[in-house]
Amino acid sequence: MRILYNETFNDFPLGEYPYDHEHSAAGEYHTVVYPGYYGSFYDPIQLHQWRSQNGSWIISNIDGKRYLRQNRGDYTKGHYSDVYSMMMFKDDIYGTYTIEGTMRALQTTLGAGFVFNYITSRHYNAVLFFENSIKLIHKDQDQQIILKEVPFSLDEYHYYRVKVVVNKSLKVYVDDNLFLESEIDMHERTRCGVLSKVSALYTDLLVYMSDDEYLESVAIKNKYLDRVAKKKNEYPSLKLIKKLDISNGGSARQIRFGHLKNGKMGFVLAQHQKLIIRDSFAQIECLTAYDFDGNMLWQKGENNNTYDTTVISCDLPFQVGDWNNDGRDEIVYSADFKIFVCDFETGKEIASFKTPLTDELMKDRPYKRLNVDAIRFADFEGLGYKGDIIVKDRYENVFALDHNMNILFRYHLKNTGHFPYIYDFDNDGRDEMFVGYSMVDDDGTILWSMPIESDHTDEIIYINTKDNEPKRLYLASGNEGFNVVNLDGSIYKHNEIGHAQRISIADYNADGDCEICVTSFWGANNICYMFDSNANKVCEYEFTTNGIVVTPVSYDGRHMLAIANSIEGLIDYDLDRVVEFPDDGHPNLCQEAIDIDSDSISEIILWDQHKMYVYKAERYESISSFEAYPENAMSNYRGEFLKKIK
């Protein structure tokens, strides 16, 4: 017998298993490791419905023995009603195996047990114990099927020894008695752990294989590793090309890029204060601009690069672009209920304006004027350049403003989401705006609105994935999943993937078409999906770290890859990790890819509040340019794309 795990929890400190105490959205695009001892596990579930509550898991001592205690109960509703608290062994298991452990359910109506044959927290098998039965379930996205159910009397005081033989012919033993047998569809590469919707205790978790199973597992694993190694050999390594000290103005993933007079690129970082309610009414407190030699160009405000003033789960209102069409970049930002326009290179103020009034429009807002949370350039007037802007608050209002900050129109119909998409959809020389689920004309007329009322759209891309296909809207729509929408508002394709969070599109398969990579977050954290150019799911994988950004990378002139994060590395069409970051002490909090030197090869930037590392493939071929998400529309909620111009 080969033992993979033998967990008694004796090496854990008593108390809560590490988790985000704020139950925040920081991990949507930050790679945050919460302090504490993780052991061989990870918790794949983060849920905003649990705010003001403790963590899901705690290490307890009962009668001198250590237990992993599910400390959540249920507390899920609506879209998340099918979410279980889970604790997963983090390493992939190849082939068949047995998981067993001691379990006691302190409440008997909602189910507690063991999860196995696990691909993601939305795709697995589980054995669940209820008051009067044991159920074998199969979960795949929104479908949860009871494969088999047998009678059982569950006593909340009894500690049961449960053994699950995970094979195509599954067997479940309780206190050495066989209770359930069933055929299941086995996967070769899976994980296992425990799950519960009730308070429950677990200990003496054992995962093992027979000698024959182990030999078969080694063969399966080696086959997979050989396949990935062969692919890795196709890619040059990453080379560190710059290391910058940004400690005098550093921030988290609040960054904008612009161009200096010498044609080189610089960047500006924003710090904030959270006001009134968590992240809902944040305001910029400090802006600091640098060039890529690490020189500070200017600073407005006072540096305060603490975690609380740099990590936030929304955009901050600043944008860099040529606002006045003079051939130089400006920075437009909002602070203290004003909108400022400054020269990007010097920080010198060009103009300032008051933000729009909202007190008569929104009685439940805490301020008289709009508290801006995002800015984007636009051309609603047919100027021929992006001289208008939109300003929005969190989820309620979008104002379109002309060059003198006069109101052109206001959108206030449905949840705005985070970052509207600005584009001349009808080729009339004026931009339209897709916001939330609505298409808005250049004068504010709502052309159509999709019949969706729940949640909001997090990220948007407008592109054609095939040259012979029309352009469509590709939406990461939160609880509404991943949607492809025609330009008349009809849904071309819908995919349930949990809470769709981030989306990127590029030629990940090197076949000339563009494929779609999407992530999920709330209630199904850190799951990454790859879809083909027709929006059909190809594969899925659950990472054990957060901040999976799937930013597309023009890597070496031959391959398009996506950044998972700075810990996981770069992934390909199969979601395999084919390029790793060097073990050089690089920061892990934030990741971005951008073409700094205009050679159509992406530089990859890793940074935190103190330092920034810039990488590039050590070898690359020159390529034709590509269409990309515009640099003057940066946001933590932009769907990103790279498409070669043929």
Side-chain angles (χ1 to χ4, degrees), residues 79 280 314-315 317 319 356 358 361-362 364-365 370 372-382 386 388-402 407-464 470-495 499-503 518 535 629-630 633 635-639 641:
H79 174 80
S280 296
C314 61
D315 278 332
Q319 204 65 253
T358 60
L361 301 172
M362 297 296 297
D364 60 344
R365 299 273 124 172
L370 189 75
V372 182
D373 89 327
I375 293 174
R376 184 166 183 171
F377 298 108
D379 180 11
F380 296 119
E381 301 178 276
K386 304 288 187 186
D388 305 322
I389 66 169
I390 60 167
V391 293
K392 63 176 288 293
D393 60 13
R394 196 169 171 93
Y395 304 145
E396 296 285 351
N397 297 282
V398 180
F399 287 91
L401 307 177
D402 69 12
I407 297 173
L408 296 171
F409 63 83
R410 170 192 176 229
Y411 173 86
H412 175 65
L413 177 65
K414 294 181 179 180
N415 191 309
T416 63
H418 289 277
F419 198 63
Y421 202 91
I422 303 297
Y423 193 84
D424 183 6
F425 291 100
D426 59 5
N427 296 308
D428 67 348
R430 297 170 181 251
D431 284 334
E432 290 76 44
M433 175 175 69
F434 182 76
V435 53
Y437 296 105
S438 304
M439 182 65 76
V440 182
D441 207 353
D442 52 72
D443 62 356
T445 302
I446 297 173
L447 300 174
W448 50 261
S449 188
M450 295 170 63
I452 297 175
E453 303 295 333
S454 70
D455 205 22
H456 58 251
T457 292
D458 278 313
E459 298 196 347
I460 307 161
I461 298 175
Y462 182 61
I463 200 171
N464 57 333
K471 286 188 173 183
R472 296 185 174 95
L473 292 158
Y474 291 79
L475 312 180
S477 296
N479 295 347
E480 295 294 331
F482 163 46
N483 293 288
V484 185
V485 178
N486 295 314
L487 205 52
D488 62 1
S490 61
I491 295 178
Y492 175 77
K493 196 70 174 288
H494 170 75
N495 283 284
H499 181 98
Q501 187 61 50
R502 291 189 58 81
I503 182 170
V518 190
Y629 202 98
S635 165
N636 286 317
Y637 298 90
R638 69 193 185 284
F641 63 90

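Here the structure is a predicted model, which means the values were calculated and not measured.
In this structure Tyr423 satisfies the ring-ring contact (aromatic ring centres under 6.0 Å, His included) test together with Phe425, Tyr462, sequence neighbours excluded. Taking Arg376 as the reference, nothing meets the salt bridge (Lys or Arg N to Asp or Glu O under 4.0 Å) condition, with sequence neighbours excluded. Residues that satisfy the ring-ring contact (aromatic ring centres under 6.0 Å, His included) test with Phe434, not counting sequence neighbours, are Trp448. With sequence neighbours left out, Thr445 forms a side chain to side chain donor-acceptor pair (under 3.5 Å) with Asp443. In terms of the side chain to side chain contact (heavy atoms under 4.5 Å, CB included) criterion, residue partners of Leu401 (sequence neighbours excluded) are, by chain and number, Ile339, Pro356, Ile389, Val391, Phe399, Met405, Ile407. Residues forming a side chain to side chain donor-acceptor pair (under 3.5 Å) with Asp426 (at least two apart in sequence, or on another chain): none. Partners of Asp458 by salt bridge (Lys or Arg N to Asp or Glu O under 4.0 Å), not counting sequence neighbours: none found. Scanning for side chain to side chain contact (heavy atoms under 4.5 Å, CB included) contacts around Asn427 gives an empty result, with sequence neighbours left out. Judged as a side chain to side chain contact (heavy atoms under 4.5 Å, CB included), and not counting sequence neighbours, the contacts of Asn495 are Phe482, Lys493, Ile497, Phe531, Ala535. For Glu459, the side chain to side chain donor-acceptor pair (under 3.5 Å) partners at least two apart in sequence or on another chain are Arg502. Partners of Asp373 according to the salt bridge (Lys or Arg N to Asp or Glu O under 4.0 Å) rule, which considers only residues two or more places apart in sequence or in another chain, are Lys392. The side chain to side chain donor-acceptor pair (under 3.5 Å) test applied to Arg394 returns no partner, not counting sequence neighbours.
The closest side-chain heavy-atom distance from Thr416 to His456 is not below 4.5 Å.
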Criterion ring pair (Phe, Tyr, Trp, His ring centres under 6.0 Å) on Phe409 and Phe380, from CA distance to verdict: CA-CA 10 Å; Phe409 63 83; Phe380 296 119; 5.1 Å; yes

Does the side chain to side chain contact (heavy atoms under 4.5 Å, CB included) test come out yes or no for Ile463 and Lys471, once each step is laid out? CA-CA 5 Å; Ile463 200 171; Lys471 286 188 173 183; 5.5 Å; no

Applying side chain to side chain contact (heavy atoms under 4.5 Å, CB included), run through Asp428 and Asp442 and close with a yes or a no. CA-CA 10 Å; Asp428 67 348; Asp442 52 72; 3.5 Å; yes

If you apply the rule side chain to side chain contact (heavy atoms under 4.5 Å, CB included), what do you find for Glu432 with Asp424, and how did you get there? CA-CA 6 Å; Glu432 290 76 44; Asp424 183 6; 3.6 Å; yes

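Judged by distance alone, the side chain of Asp388 and the main-chain N or O of Glu381 form a donor-acceptor pair under 3.5 Å.
Note: Tyr637 and His418 have parallel aromatic rings, judged against thresholds of 30 and 60 degrees for the angle between ring planes.
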